[in-house]
Amino acid sequence: MTNSAHPQSAAPRVRFAPSPTGYLHVGGARTALFNWLFARRQHGTMILRIEDTDAERNKPELVEGILDGLRWLGVDWDEGPFYQSQRGALYQDAAQKCLAAGHAFLCYCPAERYVGGDAAEEGAAAGTVRRVVRCPCRDGLPAAAGKPSSPETKPAIRFKAPLGGKVEFQDAVFGAREVAGEEIEDFVLLRSPRGAETAGLPTYQLCVVVDDADMRITHVIRGADHLSNTPKQVLLYRALGAEPPIFAHLPLILGADRTRLSKRHGATDVNMYRTEGFLPEAFRNFLSLLGWSAGGDEEFLRTRDLIEKFSLEAVSRTNGVFDRPKLEWFNTQYLQKLPIEDLLPEVAAELKRSKLWREEWASGAGHEWFARTVDLLRPRIRLLPDFSTWSRAFFSDDFPCDPAAKEKFWKDQRFPRMFAQLADTLAALPEWSHDPCDHALRALAEAEGVKAGLLINATRVAIVGQAVAPPLFDTMVALGRERVVARLRKAATSFGAA
RNA sequence: GGCGCUAUGGUGCAAUGGUUAGCACGCGGCCCUUUCAAGGCUGAAAUACGGGUUCGACUCCCGUUAGCGCUACCA
């Protein structure tokens, strides 16, 4: 009984559904990115939904950080954000509907009767109950388990999982999936009320399905950690009279030791990468290649390329390691290869943060100078803040002189004299450009009987305060005659004297 | 424990059942050179193991091993 709203016939609708129990982590960001790439590629709709049903672990103040992370990543959304905490009636209705239709039952078991996870292992060893597969309450025997059913006992609502048969669904990444009905446990839909005033809160399984159905999500793209839970959700879709969407489970992102990525692997908060000064497009490129590839050998893929080439079918099924060195490589690639005008705003923002920015660089000749200087600097920059630290001497006269770099030259008393001499020569140059500076310095070096390279290195330290900088004469041109001459004169008097 | 997923160099990805198994990061060497980068060239480095199927297997099937996921009144 397919209707016109069948998942595959409509324009795709996808969603990213973080829960505000922490920051936006790398794995979530990758999930968000893939949803977004898919939506943009297919001209579909991207929806943002905040899954905040866990009243205890949920921290509303974290939502803004997650949204910031998404915005920085360049992931935008067409609908939402919706909050599950504000949609309670929908879940209550759905649970009642399941109950009325016989798809669910009231469970009077105390919550602590059944345990899972590690505790289950211990329980198994002790020969006690391991897990809920078939709850004794499902046949309408509230007290069947021998539990006290006092008038105060408030039931949970559990889904009545099938005793046999198969549950099938389609996964764009993992293929056609099939699970035996008896493998699925009687999972909770509505928690039993804790305390007299609290209504039973819905569980994740109920909320996702109700919302995904209500929001007409056609493709559920999420982490592979949800793969095993999907059959339960498929059952719920059917019970609610909805057609299940197509699923696409993404392989997990692991740390260097191949365990799940966590804080001890370093930064896992996307906003930390922003703070460190990665370019969002570089981060996006790197992230997109974790569990996906465009097919060929091309790796430098700008956002438009990613959108053009993205497909769920090309997503890998293998968990991948988050390789920070490669992320850094991507960043340097973007720093170098981006059209200069695309990079300038990021650099300007960095300089503003560091209070080094000057409005005259925003337009006209000042802007041209700014663009040329950034262009000169960028092959050596690794992270955005390097522009205001490592390259500080290019944007301010207030910069430190590296003592170690200075020490290499200050013992040689010829340098102060040569700096003074060079300053005079440069000041008198008819034209301020690379070659005249070059010739002037080499002529001086020859006259003084000093190797040109040595004088070049010393001069570099004199005018930018450090041994590492772009080629000297390009640096001179970028700094401008005024600054170079002034800094040389200052070095002439302060260099030898310590 | 049960159920499931996965397996190509250290890492991320390629390879219609037929390639000397390719690219990139990282690592080593060389070139360039005015410091440091960048760039160019280059080297080492992989199909987890065992059985099948096939003329031929990284590719298909089975088993083993390992890793991971799920197994919550978390999401």
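Note on naming: letters A, B, ... go to the chains in the order of the sequence lines (proteins, then strands), and numbering restarts at 1 for each one. When reading the values below, keep in mind they use all heavy atoms of this one structure, side chains included, and skip hydrogens, waters and symmetry mates.
Taking atom P in both rU16(B) and rG4(B), the straight-line distance is 30 Å, to the nearest Å.
Proximity of Arg258(A) to the phosphate of rA66(B): no side-chain N or O atom is located under 4.0 Å from OP1 or OP2. Contact annotation: Ser228(A) does not reach the phosphate of rC3(B) (side-chain N/O to OP1 or OP2, under 4.0 Å). Taking only side-chain nitrogens and oxygens, Arg460(A) never comes nearer than 4.0 Å to OP1 or OP2 of rU35(B). Between Thr332(A) and the phosphate of rA37(B), there is no side-chain N or O to OP1/OP2 separation shorter than 4.0 Å.
Distances were taken from every side-chain heavy atom of Leu227(A) (C-beta onward) to each of rC73(B), rU8(B), rC5(B); the shortest belongs to rC5(B). For Arg177(A), the listed nucleotide lying nearest its side chain is rC5(B); candidates were rC5(B), rG26(B), rC68(B). The side chain of Phe174(A) lies closest to rU6(B), out of rC25(B), rU6(B), rU34(B). With rA75(B), rG69(B), rG12(B) as the choices, the nucleotide that has an atom nearest any side-chain atom of Arg260(A) turns out to be rG69(B). Out of rU34(B), rU11(B), rU6(B), the shortest distance to the side chain of Leu472(A) is found at rU34(B). Checking rU35(B), rA75(B), rC73(B) against every side-chain atom of Val468(A), the shortest atom distance belongs to rU35(B). The nucleotide whose nearest atom lies closest to any side-chain atom of Gln333(A) is, among rC23(B), rC36(B), rG39(B), rG39(B). Of all nucleotides listed (rU35(B), rU8(B), rC70(B)), rU35(B) comes nearest to the side chain of Arg380(A). For Pro379(A), taking side-chain heavy atoms from C-beta onward, the closest of the listed nucleotides rA37(B), rU11(B), rC25(B) is rA37(B). If you check rU8(B), rC68(B), rC25(B) against the side chain of Leu252(A), the one that comes closest is rC68(B).
Here Gly223(A) lies out of heavy-atom contact (under 4.0 Å) with every strand. Within the nucleic acid shown, Asn229(A) comes within 4.0 Å of at least one base atom, counting heavy atoms only. Residue Pro470(A) is classed as a base contact, given a heavy-atom separation below 4.0 Å to a base. Residue contacts shown for Gln466(A) are absent, as no nucleic acid heavy atom lies under 4.0 Å away. Within the nucleic acid shown, His249(A) has no heavy atom closer than 4.0 Å to any nucleic acid atom. Nucleic acid contact for Ala224(A): sugar-phosphate only, since backbone atoms but no base atoms lie under 4.0 Å from a heavy atom of the residue. At the heavy-atom level, Pro325(A) lies under 4.0 Å from the strands shown only through sugar-phosphate atoms. In this structure, Gly295(A) reaches the sugar-phosphate backbone alone: every heavy-atom distance under 4.0 Å involves primed, P, OP1 or OP2 atoms, never a base. Residue Arg442(A) is classed as a base contact, given a heavy-atom separation below 4.0 Å to a base.
Rounded to a whole Å, the CG atom of Leu261(A) is 14 Å from the C1' atom of rG12(B). Atoms CZ (Arg134(A)) and C1' (rU71(B)) sit 13 Å apart, rounded to a whole Å. As rounded to whole Å, 15 Å separates atom C1' of rG26(B) from atom CZ of Phe322(A). Regarding Phe300(A), its CZ atom lies at a distance of 22 Å from the P atom of rG12(B), rounded to whole Å. As a whole-Å value, the separation of Lys326(A) NZ from rG10(B) C1' is 13 Å.
Remark: rU16(B) base-pairs with no nucleotide in the shown strands. Criterion, Watson-Crick or G-U wobble with two distances under 3.5 Å. With a cut-off of 3.5 Å on both Watson-Crick or G-U wobble distances, the partner of rU65(B) is given as rA7(B). For rC32(B), there is no paired nucleotide, since no Watson-Crick or G-U wobble pair has both relevant distances below 3.5 Å. Using N1 to N3 plus N6-O4 or O6-N4 for Watson-Crick, or N1-O2 and O6-N3 for G-U wobble, each under 3.5 Å, rC60(B) pairs with rG52(B). Across the strands present, rC73(B) finds no partner; the criterion is a Watson-Crick or G-U wobble pair with both atom distances under 3.5 angstrom. A 3.5 Å limit on both hydrogen-bonding distances identifies rC27(B) as the Watson-Crick or G-U partner of rG43(B).
Thr230(A) places a side-chain N or O within donor-acceptor distance of the main-chain N or O of His226(A), the cut-off being under 3.5 Å. At least one donor-acceptor pair under 3.5 Å links the side chain of Arg317(A) to the backbone N or O of Val173(A).
The base of rC73(B) does not come close enough to the side chain of Thr203(A) for any donor and acceptor atom to sit less than 3.5 Å apart. Counting distance only, with no hydrogens placed and no angle test, the side-chain atoms of Glu299(A) and the base atoms of rG12(B) include a donor-acceptor pair under 3.5 Å.
Neither side chain, Ser192(A) nor Tyr108(A), offers a donor N or O lying under 3.5 Å from an acceptor on the other. For the residue pair Arg378(A) and Ser391(A), no side-chain donor N or O sits within less than 3.5 Å of a side-chain acceptor on the partner. Side-chain N/O atoms of His249(A) and Asp225(A) include no donor and acceptor closer than 3.5 Å. With 3.5 Å as the limit, one finds a donor-acceptor pair spanning the side chains of Thr303(A) and Arg284(A).
Toward the 5' end of RNA chain B, the nearer of the two residues Ala467(A) and Glu51(A), judged by each one's closest nucleotide, is Ala467(A). Residue-to-nucleotide proximity on RNA chain B shows that, of His434(A) and Thr21(A), the 5′-proximal contact is made by His434(A).
Here the CG-NZ distance, from Asp186(A) to Lys160(A), works out to 9.0 Å after rounding to the nearest 0.5 Å.
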- Query: Run the side chain to side chain contact (heavy atoms under 4.5 Å, CB included) check on Val209(A) and Val234(A) step by step: do they pass?
  - Reply: CA-CA 8 Å; Val209(A) 173; Val234(A) 170; over 6 Å; no

